[in-house]
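Structure record follows, encoded as structure tokens.
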Amino acid sequence: IMSVFSEVPQAAPVAVFKLTQDFNNDQHPQKVNLGVGAYRTDEGRPWVLPVVKKVEKLIVHDDRLNHEYLPILGLPEFRSSASKIALGDDSPAIKEERVGAVQCLGGTGALKIGAEFLRRFYNGNNNTKTPVYVSAPTWENHNAVFANAGFEDVRPYKYWDAEKRGLDLNGFLGDLESCPAHSIFVLHACAHNPTGTDPTQEQWKKIAEVMMRRKLFVFFDSAYQGFASGSLEKDAWAVRYFVSMGFEMFCAQSFSKNFGLYNERVGNLTIVARDGDNLKRILSQMEKIVRTTWSNPPSQGARVVAITLNTPELFSEWSDNVKTMADRVLLMRAQLKAKLQALGTPGTWDHITQQIGMFSFTGLNSQQVEYMVKEKHIYLMASGRINMCGLTTKNIDYVAESIHEAVTKVQ
Amino acid sequence: KGPIPHSAVLQHCSPAWCLCSSWWGGVQMGPPDPILGVTEAFKRDTNPKKMNLGVGAYRDDQGKPYVLNCVRKAEAVIAEKKLDKEYLPIGGLGEFAKACAQLALGADNEVLKSGRNITVQTISGTGSLRIGANFLSRFHGGPRDVYLPKPSWGNHTPIFRDAGMQLKAYRYYDPSTCGFDFKGALEDISKIPEQSVIVLHACAHNPTGVDPRPEQWKEISDLVKKRNLLVFFDMAYQGFASGDIDRDAWAVRHFIEQGHNIVLSQSFAKNMGLYGERVGGFTVVCKDAEEAKRVESQLKILIRPIYSNPPMNGARIATTILNTPELRAMWLEEVHGMANRIIKMREQLVAGLKKEGSSHNWQHVIDQIGMFCFTGLKPEQVERLTKEFSVYMTKDGRISMAGVSSGNVGYLAHGIHAVTK
């Protein structure tokens, strides 16, 4: 029988996962993985948060719990507590009962459901031509999420200034001023991926002013709350500011990193609406979208998060766990910069401590990256992005020396 | 200049600054989900004798959700292992995919031996169907038409439609016999344009409970082959229909044996009671291992922008059960037990109706298989059953047998007789 799939072409592998695969296959004793964005301890090991272990035990021993379907929109106590984390316990929008949420499969799932909704309902009932702006650069999956949701015009907005190794605010504001009205903008709430460069509060205010005036849609991607500065409140400042400005907006939240629940796929799409009536209708349509995508979300991870957020002692323990992770990253940043400076590595390395969150855009060019990978067995993305969590007190000297070599030997 | 208080915003309604209009003013209220609507109404009812025969989730004879013992044991085993929570690959847990395919096809299946299948972990049956539909939409060169049996699971239509396919139907259920319209099915299938996609329920058809007999499956297979149709099997109830996992997979295995390169969706929601953990698989049977690799790479490209990678918990549980001999044996017994309880309830319902003095032929209640029963009740009769007896079911006359217990089967028989005599 002739195959219906004989013409299916081989697709290229997803770069970040291929990197990890290559790392795994490498036998070199000093190899280092600075690729995929997952937290590692100083022993280079994954870390299941102590509070998560505690809560999982509680769940296993609770005979009242079973494996029944969650509602389509997810576990109610998860959705509300997750939204509170983003918007604050005393959020006026929550008090005004115009905040809703959809539990989703990780941050990706939240972006997906939000994107599908926008394509159907945002500006008229067919938004395939509505421009969606993502930062240049951005998490590589942003493009695909919106494209697959049917948006035909996904464009970059200026963000990273490679020369000054910082935010190109004028470029960003320029794009906000000149883009078509009603464009959708994907904003990183904190700890920008991949650059680690966030707008300051003053800069966010300027961004918000233009977006409000030009009626642009705000879609926050919040994958690192707590992880950037160590403070949940501080990391949520931008999101809360925009809410206080009166925007109707979406915020895709991920609990993969700040709860270390990567493979349980815990995400939340927080919806800030104009009023309760709008919210009700929005949620009813969200249900329809969810129903044909995954019917209802997985229960395990959402339960862990809900129990933690809703139990004061556990919440406190979680905040400490988050701070532990953030502090280790800050320490590695400080040490890497210090070592590069001590080595006299050409260039300025302030950006390593100025950038925030899991990632750093080192500024290494693609040839230098290739050198790092092939000659030194240090795996990082072709963009020069490194995951700070891959650094440990044991490998940081090797990495610093290797960067020094790459910069001095390879142009 | 600080944040503007909400009340001030509402007063500020000049055209350049009008914030009181909403982006979502034109969003209509979506229709309530018919099945979940049944449960909502059931919850509000205060009648102590009320019965929820709506949603298809298994209940034990006390009407309670049933967590399988093999699941609890598997969870304990997993907890001991102190595993990390690192991302799974896009296609999910490898050992799960392997065990999942083996369960459906049989461990000694030639397809598995030659490595010409690709199986990925999915978000239960819905997620599997959606990935499959997306894959077909992108790569199937044939017509965009997907043929569903009439009737089919309500969610099939919007899933395929959202993926960009078009829906058509072939005759399946015969309301005059409450059985299989074999002749009608063959007639309709013989007219389906070549290379179209045909969806077949592997066993325990939802919503009717009406399955073809093996000889009928054979004829369907021959005809489908003649028409050169692409077969999409939906198997959400393996083990749950007859109590025997191999028997329930017979049609799937027969089609493969006959040379159909099928695509297959599997769910572990019901047969392992893992509903909320979202455990499923999607399989493409390819020409050879090389094609399977290409198809796999494209499935990953499809999955990544939807949810990146699937949830671990349920897949771990399922894999542990399938790959640990004592747990697998325990599971087979428990699945058998669940199926048997359903079969017993069917028999007791018919016996009860006879006892009530019903003159109708209720044989179909016993002939139908799986969780659901298409009673043959008309909408007006369903409405009366709900209003007068607080028995909740969907308007099409479908009841979930799982909601029936030895404690309430008599009451149900009484109610059904009352509205049909």
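Residue numbers start from 1 in every chain, and the chains themselves are labelled A, B, ... in the order their sequence lines are given, proteins ahead of strands.
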* In terms of heavy-atom proximity below 4.5 Å to chain B, should A:Leu49 be classed as side chain, backbone, both, or neither? -> neither

* To do: Pick one of side chain, backbone, both or neither for B:Phe135, based on which atoms fall under 4.5 Å of a heavy atom in chain A.
  => side chain

* If you take all heavy atoms of A:Pro9 and B:Gln298, which pair is closest and at what distance? -> O-NE2, 2.6 Å

* Do the non-hydrogen side-chain atoms of B:Pro305 and A:Asn141 ever get within less than 4.5 Å of each other? -> yes

* Asked: Are B:Asp162 and A:Arg120 ion-paired here, with the side-chain N under 4.0 Å from a carboxylate O?
  -> yes

* Is chain B contacted by the side chain of A:Lys53, its backbone, both, or neither, given a heavy-atom distance below 4.5 Å? -> neither

* For the pair A:Glu264 and B:Met312, evaluate side chain to side chain contact (heavy atoms under 4.5 Å, CB included) and give the outcome as yes or no after the intermediate values. => CA-CA 6 Å; A:Glu264 298 294 5; B:Met312 165 67 101; 4.3 Å; yes

* Compare every heavy atom of A:Val48 with every heavy atom of B:Asp84, then report the nearest pair and how far apart it is. => CA-CG2, 3.9 Å

* Structure fact -> If one checks every heavy atom of A:Val243 against chain B at 4.5 Å, the contacting part turns out to be neither

* Side-chain H-bond candidate by donor/acceptor type, A:Asn148 with B:Arg138, under 3.5 Å -> yes

* Part of B:Pro89 lying under 4.5 Å from any heavy atom of chain A -> neither

* For chain A, find which of B:Asn313, B:Val67, B:Leu274 contributes the most heavy-atom pairs closer than 4.5 angstrom. => B:Asn313

* **Heavy-atom proximity to chain A below 4.5 Å, by part of B:Val71** => side chain

* Check whether B:Arg278 gets within reach of chain A through its side chain, its backbone, both or neither, counting any heavy atom under 4.5 Å. => side chain

* Contact part of A:Arg240 toward chain B, heavy-atom cut-off under 4.5 Å: side chain, backbone, both or neither? -> neither

* Asked: Under a 4.0 Å N-O cut-off, is there an ion pair linking B:Glu86 with A:Arg45?
  -> no

* **A:Ser284 (side chain) donor-acceptor with B:Gly30 (main chain) under 3.5 angstrom** => yes

* Structure fact -> Bottom line for A:Ile72: the part with an atom under 4.5 Å from chain B's heavy atoms is side chain

* For B:Leu83, is it the side chain, the backbone, both or neither that has a heavy atom under 4.5 Å from a heavy atom of chain A? -> backbone

* Side chain, backbone, both or neither: which part of A:Pro71 has a heavy atom under 4.5 Å from chain B? -> neither

* To do: Name the region of B:Ala79, side chain, backbone, both or neither, that has any atom closer than 4.5 Å to a heavy atom of chain A.
  => neither

* Who among B:Arg130, B:Arg304, B:Gln195 has the most heavy-atom pairs with chain A under 4.5 Å? -> B:Arg304

* Asked: Where the side chain of B:Asn155 meets the backbone of A:Arg291, is there a donor-acceptor pair that is under 3.5 Å apart?
  -> yes

* To do: Would you name the heavy atoms of A:Tyr262 and B:Asn309 that are closest together and state the gap between them?
  => O-OD1, 4.4 Å

* Structure fact -> If one checks every heavy atom of A:Phe117 against chain B at 4.5 Å, the contacting part turns out to be side chain

* A:Ser256 versus B:Tyr87, closest heavy-atom pair with distance -> CB-OH, 3.6 Å

* What part of B:Leu136 gets closer than 4.5 Å to chain A, counting heavy atoms only: side chain, backbone, both or neither? -> side chain

* **Any donor-acceptor pair under 3.5 Å from A:Gln10 side chain to B:Ser297 backbone** => no

* Asked: For A:Glu287, is it the side chain, the backbone, both, or neither that has a heavy atom closer than 4.5 Å to a heavy atom of chain B?
  -> neither

* Asked: Distance from A:Glu68 atom CD to B:Tyr275 atom OH, nearest 0.5 Å?
  -> 6.0 Å

* Asked: When rounded to the nearest 0.5 angstrom, what is the spacing between OH in B:Tyr307 and CZ in A:Arg265?
  -> 9.5 Å

* Structure fact -> Nearest heavy-atom approach of B:Ser308 to A:Thr108 is OG-OG1, 2.7 Å

* **Heavy-atom proximity to chain A below 4.5 Å, by part of B:Lys64** => neither

* To do: Under the side chain to side chain contact (heavy atoms under 4.5 Å, CB included) rule, what do A:Gln300 and B:Arg316 come out as? Steps first, then yes or no, please.
  => CA-CA 12 Å; A:Gln300 178 72 3; B:Arg316 241 322 146 209; over 6 Å; no

* To do: Kindly give the heavy-atom pair with the smallest separation between B:Met29 and A:Gln285, and that separation in Å.
  => C-NE2, 3.9 Å

